[in-house]
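What follows is a short report on a single structure.
Numbers for residues simply follow the sequence, beginning at 1. In each ligand, atom 1 is the first atom listed, and ligand 1 is the first ligand listed.
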Amino acid sequence: MPDLFHRSSSSSKDDGHGRPAKVDSVVVIGLGRFGRSLALELMAAETEVLGIDADAAIIQELSSQLTHAVRADSTSEETMRQLAVHEFDRAVVAIGTNIEASLLTASLLKNLGITNIWAKAISEAHGRILKQLGVPHVVYPEHDMGRRVAHLVKGRMLDFIQFEPDYAMVKTEPPALLLGMPLSQSGVRRAHGVTVVGVKRPDGPFTHATGETVLEPGDMVILSGRPRDVERFSELR
Ligand code: ATP
């Protein structure tokens with residue numbers, strides 16, 4: 001069995017020089033559009049990735065970009081054991097359209113003892129069954145992105161992230177009523193239920209907003225609050 005990584009998943013181990021070395025690794029199964037971008041983002045964040053896909057062309061394409069890319073059928077327990085998938089503590093099932101393969105893979109990962117499983121669902125029923133199988137983290141990328149884009153299309157928001165049903169953050173241009181005075185004097189939290197948490201000057205990076213921050217035309221802000229409130233507020237000019 002090949003030792004694909006410095007086999008300790010995300011635990012610490014000796015790096016050979018007496019120092020502990022953190023080895024951070026994730027297995028990503030299914031390297032379609034979603035799995036591929038997830039795997040590459042993990043690599044960019046210095047996480048080692050074992051990518052698995054049944055498609056030889058995909059594996060060939062990604063072999064130089066992932067720590068390891070292996071062509072394999074993720075529904076085969078024997079193959080997964082040969083790849084030492086059971087030694088990982090984090091796995092992502094990024095198979096969507098092929099629901100049968102998604103469910104069989106998720107179930108196999110559970111049987112292999114992996115506790116930290118993330119799986120993509122393409123429908124509410126798919127997600128429900130993944131949950132019933134004991135997958136702790138089920139994500140709905142298409143559904144969530146659709147909702148997010150709807151908020152962007154509807155208003156003047158440049159970005160919208162909803163963390164909980166009653167809490168969201170948006171990136172937007174500040175309306176006129178926020179300009180030219182310290183934020184503490186604007187009364188915006190009381191009047192509109194939103195908080196300015198970050199500000200970006202033209203050509204500058206985002207910084208934390210404080211009560212003393214004075215916004216000017218051309219600035220960009222990050223607002224937090226209830227989704228309806230931040231949405232309404234970002235429509236003001
Ligand atoms: P996308 O992320 O592109 O939207 P999708 O939701 O349409 O993908 P699928 O096409 O079903 O999902 O699967 C994604 C990837 O998973 C494909 O590259 C496919 O080859 C791979 N895949 C599907 N079944 C298996 C399997 N049993 N073993 C390994 N890889 C698989």
Side-chain angles (χ1 to χ4, degrees), residues 1-5 7 9-10 25-45 47-153 159-162:
M1 180 176 70
D3 187 14
L4 297 173
F5 296 97
R7 185 62 49 209
S9 290
S10 58
S25 54
V26 178
V27 55
V28 179
I29 300 173
L31 299 168
R33 290 160 300 179
F34 176 74
R36 176 186 310 225
S37 85
L38 186 141
L40 293 174
E41 194 67 20
L42 286 170
M43 290 296 294
T47 297
E48 295 187 331
V49 175
L50 167 60
I52 296 175
D53 200 289
D55 187 319
I58 289 179
I59 292 304
Q60 194 178 3
E61 195 188 329
L62 289 175
S63 61
S64 61
Q65 298 176 65
L66 303 181
T67 317
H68 236 88
V70 181
R71 183 188 172 204
D73 177 1
S74 60
T75 63
S76 159
E77 177 163 356
E78 194 189 339
T79 310
M80 290 299 101
R81 282 196 186 279
Q82 279 170 359
L83 292 172
V85 167
H86 56 284
E87 293 185 22
F88 286 76
D89 59 16
R90 279 178 299 169
V92 180
V93 184
I95 304 172
T97 309
N98 188 342
I99 291 182
E100 184 182 349
S102 155
L103 298 176
L104 290 172
T105 302
S107 160
L108 178 51
L109 293 175
K110 285 290 291 180
N111 287 344
L112 290 176
I114 301 178
T115 48
N116 213 344
I117 305 172
W118 297 76
K120 151 183 164 160
I122 57 164
S123 67
E124 192 271 324
H126 183 192
R128 196 172 56 238
I129 301 169
L130 285 166
K131 280 277 181 195
Q132 283 165 356
L133 288 174
V135 173
H137 310 287
V138 178
V139 295
Y140 301 82
E142 274 137 23
H143 176 258
D144 290 353
M145 187 51 88
R147 284 182 56 192
R148 190 163 161 213
V149 173
H151 285 277
L152 304 184
V153 170
D159 213 341
F160 175 94
I161 304 172
Q162 188 166 337

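- Residue F34 has at least one N or O atom closer than 3.5 Å to an N or O atom of ligand 1.
- Summary of contacts: the protein heavy atom closest to atom 8 (O) of ligand 1 is K120 NZ, 3.7 Å.
- Protein heavy atom at the shortest distance from atom 14 (C) of ligand 1 is A94 O, 3.7 Å.
- Nearest protein heavy-atom contact of atom 27 (N) of ligand 1 is D73 OD1, 2.9 Å.
- Among the atoms of R33, some N or O lies under 3.5 angstrom from an N or O of ligand 1.
- Proximity of I58 to ligand 1, defined as any heavy-atom pair under 4.0 Å, is confined to the side chain (atoms from C-beta onward).
- The closest non-hydrogen atom to atom 20 (O) of ligand 1, taken over D53, N98, I52, L104, comes from D53.
- Counting heavy atoms closer than 4.0 Å to ligand 1, residue A54 contributes atoms from both its backbone and its side chain.
- Heavy-atom neighbours of Q60 CD from other residues, nucleotides or ligands within 6.0 Å: at or below the threshold of 12.
- Among protein heavy atoms, the minimum distance from atom 12 (O) of ligand 1 is reached at G96 N, 3.0 Å.
- Between D159 and R148 a salt bridge is recorded (basic side-chain N to carboxylate O distance below 4.0 Å).
- Checked by atom type and distance alone, the side chain of R71 pairs as donor or acceptor with a backbone atom of A54 at under 3.5 Å.
- Nearest non-hydrogen protein atom to atom 24 (N) of ligand 1 is A101 CB, 3.6 Å.
- In this structure, the side chain of K131 engages the main chain of P136 through a donor-acceptor pair within 3.5 Å.
- Less than 4.0 angstrom separates some heavy atom of A72 from each of these atoms of ligand 1: 28 (N), 29 (C).
- Residue I95 has no N or O atom closer than 3.5 Å to an N or O atom of ligand 1.
- Here S102 has no heavy atoms under 4.0 Å from ligand 1, in either its backbone or its side chain.
- For atom 16 (O) of ligand 1, the nearest non-hydrogen atom of the protein is G30 CA, 3.2 Å.
- Here the heavy atom of the protein found nearest to atom 7 (O) of ligand 1 is T97 OG1, 2.5 Å.
- Taking distance alone, with nitrogen or oxygen atoms compared against 3.5 Å, S74 approaches ligand 1 more closely than that limit.
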